[in-house]
Amino acid sequence: MDAKPRLAVHKFSSCDGCQLAFLNQGAELLQLATLVEIVHFAQAGFVAPDATVDMAFVEGSISTPEDEKRIRLVRKNSRYLVAIGACATAGGLQALRNRAPGGAGWIAEIYPQPGHIHALPASTAVSAHVPVDAELWGCPVNGRQVLDAVRGRLFGVTPVVETDKVCLECKRQQGVCVLVAHGAPCMGPVTRTGCGALCPRLHRDCYACYGPAENANTQALGRRLADLGLSPAAIARRFLSINNAATAFRDAGDRWQEEDHGDA
Ligand code: SF4
Ligand code: SF4
């Protein structure tokens, strides 16, 4: 019998939430373990970080010199590499530090011994350092998408990367629009789907954790948020959140920050 494909899940600078999304698949994950050999997944108890594998999932941004060195090794050891979650696909929340005025001066304001902090000048996506075969967005990534990517790969199929807007999924789920009906500052019109429109279905506005959708009209949504009464600073914060370093959101956030004249 042929050997089972070998799989690894690597953590970089991150909160572990995307690995949990994997683990939370429960019975389905156990079933998957009959099809692949999990050789490295520290959170599940498998530790072999330098192993050569057929498929590697990478969680986390590249934020330290150690991360930078290790991601090159992971790439070299992996036939197929998938970046999972907002940190790995866009630098994550921690990329906000890239925008700090005065460079890394903030480190000394937070840490009593800044000399112990060894960070790169910026937190960046995995794709800024090595070629990536697929990206699954979200904070955290959706466990269903991850398992679909593994199953697809087993059959030689490229994972389906969803790029539609959350609004489309929201309407498919017959949700009442919280932006239109309740005037909530929903980011669904510019955010990529994949979560099943989780927040609007619970009557809450989307805060864009899946990053920019394809052809996101950030200008129109920004104007709509202004009409709702949000200040330029508040609109900038809507864009400059979990996916602040994703190009469409970064550019929109920059524009609204320029509009901000200190009116909160
Ligand atoms: S609630 Fe949000 S995601 Fe749903 S249709 Fe309205 S704007 Fe779009
Ligand atoms: S609705 Fe928006 S904020 Fe909520 S899970 Fe989906 S993408 Fe994330």
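This one's a predicted model, so the numbers in the text were calculated from it and none came from an experiment. Position 1 is the first residue of the sequence; numbering continues from there. Atoms within each ligand, like the ligands themselves, are counted from 1 in listed order.
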Contact partition for C167 relative to ligand 1, non-hydrogen atoms under 4.0 Å: both
Atom indices of ligand 1, in the order listed, that fall short of 4.0 Å to a heavy atom of P189: 7 (S)
Does ligand 2 have a heavy atom under 4.0 Å from the side chain of A208, from its backbone, from both, or from neither? backbone
Within the 4.0 Å heavy-atom shell around G188, which atoms of ligand 1 are there? 3 (S)
Basic-acidic side-chain contact under 4.0 Å: D148, R151: yes
Short list, please: which atoms of ligand 2 are under 4.0 Å from a heavy atom of C195? 1 (S), 5 (S), 6 (Fe), 7 (S)
Looking at Y207, I'd like to know if the NZ or CZ of R238 sits under 6.0 Å from its six-membered ring centre while staying within 45 degrees of the ring's axis. no
By number and element, which atoms of ligand 1 are closer than 4.0 Å to a non-hydrogen atom of C170? 1 (S), 3 (S), 4 (Fe), 5 (S)
May I ask you to identify, for P200, whether its side chain, its backbone, both or neither come under 4.0 Å of ligand 1 on a heavy-atom basis? side chain
Below 4.0 angstrom from a heavy atom of K171, which ligand 1 atoms are there? Numbered from 1 as shown, please. 5 (S)
Among protein heavy atoms, which sits nearest to atom 1 (S) of ligand 1, and what does the distance come to when rounded to 0.1 Å? V178 N, 3.0 Å
Does R70 make a cation-pi contact with F12 (under 6.0 Å, within 45 degrees of the axis)? yes
Distance from atom 3 (S) of ligand 2 to nearest protein heavy atom, with residue and atom: Y207 N, 3.2 Å
Gap separating the CD1 atom of I38 from the CG atom of L29, nearest 0.5 angstrom: 5.0 Å
Return the residue, atom name and 0.1 Å-rounded distance of the protein heavy atom closest to atom 6 (Fe) of ligand 1. C177 SG, 2.3 Å
